[in-house]
Amino acid sequence: MNSDLQHTLEVFPKNDFKNNLVNWFLAEQRNLPWRLNKDPYRVWVSEIMLQQTRVETVIPFYNKFMQLFPTVADLANAKEEKVLKAWEGLGYYSRARNLQSAVREVHEVYNGQVPNTPENISKLKGVGPYTAGAILSIAYGIPEPAVDGNVMRVLSRILTIREDIGVPKNRKIFEQAVRALISHEDPSAFNQGMMELGALICTPTNPACLLCPVREQCMAFENGLVNELPIKSKKKAPKQVELVVGVIKNKEGKFLIQQRPQTGLLANMWEFPTAELKSNLLSKGDTLGFFLNEEYKIEVEELAYHFSIEHVFTHLVWKIDVYVGNTIKESNSLTTHKWVSLEECKDLPFPVVHQKIYQQIEKSQL
DNA sequence: AATACGGGGCC
DNA sequence: GGCCCAGTATT
């Protein structure tokens with residue numbers, strides 16, 4: 001173990017901290033849908049949805065998802081497209097695909113029982129060190145660390161840990177700290193209490209120290225370092241990508257949509273035909289026209305600029321020009337592209353930016 | 001060790 | 001406009 005941390009922990013009032021935290025959590029915890037019971041499957045789904053996603057955002061998705069797929073068997077037997085549709089708008093869609101894949105494994109290999117050992121649960125797709133610890137502690141009462149961004153921020157302040165919380169390997173330092181502090185009587189309340197504290201009191205900016213149940217144990221508070229901790233390195237700016245999107249209507253009034261590849265960004269989601277601008281030699285309209293001709297063998301009349309839209313992802317920015325046009329092409333349905341009405345679009349999983357496009361088109365009544 | 005992977009809400 | 005969010009998989 002990190003020797004600074006080891007020394008800190010030797011003199012740290014562990015029992016006071018643990019008792020204050022657990023009692024505060026048991027008294028003040030929010031009433032959240034995944035806290036209804038300790039069904040490991042329900043806990044699992046909530047933990048996957050909560051990855052990099054705020055509680056308030058998750059709640060409506062979680063309620064709908066549990067209604068659609070109440071048990072391991074229901075999710076295992078569902079069509080992937082239905083699962084993606086339920087995830088639509090939540091982001092990080094590989095979470096949904098990995099969750100279903102892992103649930104199918106639990107259904108088949110473990111007879112529907114979510115594994116209760118670190119070794120087995122960590123083998124499941126989409127279950128990393130945080131999620132493994134969260135399920136084991138919350139659903140099974142096993143004293144394993146569940147270190148997320150909240151826990152690193154809280155412990156950084158409580159123990160004045162100066163390791164950069166943006167560096168992945170440093171998570172292990174915080175896991176060691178949790179192992180030294182965790183309640184063995186109620187590991188669930190301890191881990192959830194750490195996260196709840198981070199969400200409600202020990203927030204990134206303007207933490208509510210005067211309301212904090214462990215202020216007496218907080219070394220950052222004692223030393224006036226609350227605003228200096230945690231230390232977190234900055235991430236680099238997202239890359240800009242210029243795209244042209246075609247909203248192409250055929251004689252039957254249906255629109256051409258395509259399915260994205262099964263790996264990478266927005267995998268398996270549906271979208272309007274999209275071409276990336278790679279050189280300045282071609283205009284945007286020509287780039288799109290050649291793409292449609294090459295990919296779908298269609299000629300489009302009056303391919304005209306309609307509007308622009310920008311969409312920001314974590315690691316890139318799409319700057320999109322949307323063009324509209326008509327074709328004499330007849331409808332036929334293939335696997336990776338379809339001709340559909342705007343109403344039919346709403347039954348398929350679309351990334352938010354393409355939802356915005358079909359909403360805009362619908363509004364302008366094309 | 002770095003990068004890919006969504007989307008929204010807050011300051 | 002940047003930061004952050006109950007992170008994980010891949011390279």
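A quick note: this is a predicted structure, and the numbers were derived from the prediction, not measured. Both backbone and side-chain heavy atoms feed into the values below; hydrogens, waters and symmetry mates do not. Per chain, numbering begins at 1; letters A, B, ... match sequence-line order.
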Find the distance [X]:[atom1] to [N]:[atom2] and express it as a whole number of Å.
X	N	atom1	atom2	value
A:M152	C:dC5	CE	P	8 Å
A:M194	C:dG7	CE	P	14 Å
A:L316	C:dG1	CG	C1'	17 Å
A:Q52	B:dG9	CD	C1'	15 Å
A:N268	B:dG6	CG	P	12 Å
A:K172	C:dT8	NZ	P	12 Å
A:E56	C:dC4	CD	C1'	12 Å
A:L90	B:dG6	CG	P	11 Å

The side chain of [X] lies closest to which of these nucleotides: [options]?
X	options	result
A:K169	C:dG7, C:dA6, B:dA1	B:dA1
A:R153	C:dG7, B:dA4, C:dC5	C:dC5
A:Q51	C:dT8, C:dA6, B:dC5	C:dT8
A:Y130	B:dG6, C:dA6, C:dC4	C:dA6
A:T131	B:dG7, C:dT8, C:dA6	C:dT8
A:L265	B:dC5, C:dG7, C:dC4	B:dC5
A:E47	C:dC4, B:dG6, C:dA6	C:dA6

Quick test of your reading of the model: are [X] and [Y] salt-bridged, counting only N-O distances below 4.0 Å?
X	Y	value
A:E144	A:R179	yes
A:K284	A:E242	yes
A:K123	A:E119	no
A:K85	A:E80	no
A:E344	A:K254	yes
A:E196	A:R35	yes

Give the C-alpha distance, both sets of side-chain angles, the deciding distance and a yes or no for side chain to side chain donor-acceptor pair (under 3.5 Å) between A:Y93 and A:E88.
CA-CA 8 Å; A:Y93 299 97; A:E88 182 189 72; over 6 Å; no
Using the C1' atom as the point on both nucleotides, what is the distance between B:dT3 and C:dA6, in whole Å?
22 Å
If we take the P atom in both B:dG8 and C:dT8, what is their distance in whole Å?
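Roughly 22 Å separates the two P atoms.
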Under 4.0 angstrom, heavy atoms only, what part of the nucleic acid is [X] near: base, sugar-phosphate, or nothing?
X	answer
A:R35	base
A:K125	sugar-phosphate
A:W87	nothing
A:P168	nothing
A:V55	base
A:G198	nothing

Both A:L50 and A:N98 contact DNA chain C. Which one's nearest nucleotide lies toward the 5' end?
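Its nucleotide being nearer the 5' end, the pick is A:L50.
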Judged by each residue's nearest nucleotide on DNA chain C, which is more toward the 5′ side, A:V147 or A:P238?
A:P238
Indicate, yes or no, whether a donor-acceptor pair under 3.5 Å links the base of B:dC5 to the side chain of A:R95.
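Answer is no: no donor-acceptor pair is held.
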Using a cut-off of strictly less than 4.0 Å, decide whether [X] has a side-chain nitrogen or oxygen near OP1 or OP2 of [N].
X	N	answer
A:Y92	B:dA4	no
A:H315	B:dA4	no
A:T57	B:dG9	no
A:H311	B:dG7	yes

Between A:F350 and A:V167, just flag the one whose closest nucleotide in DNA chain B comes earlier from the 5' side.
A:V167
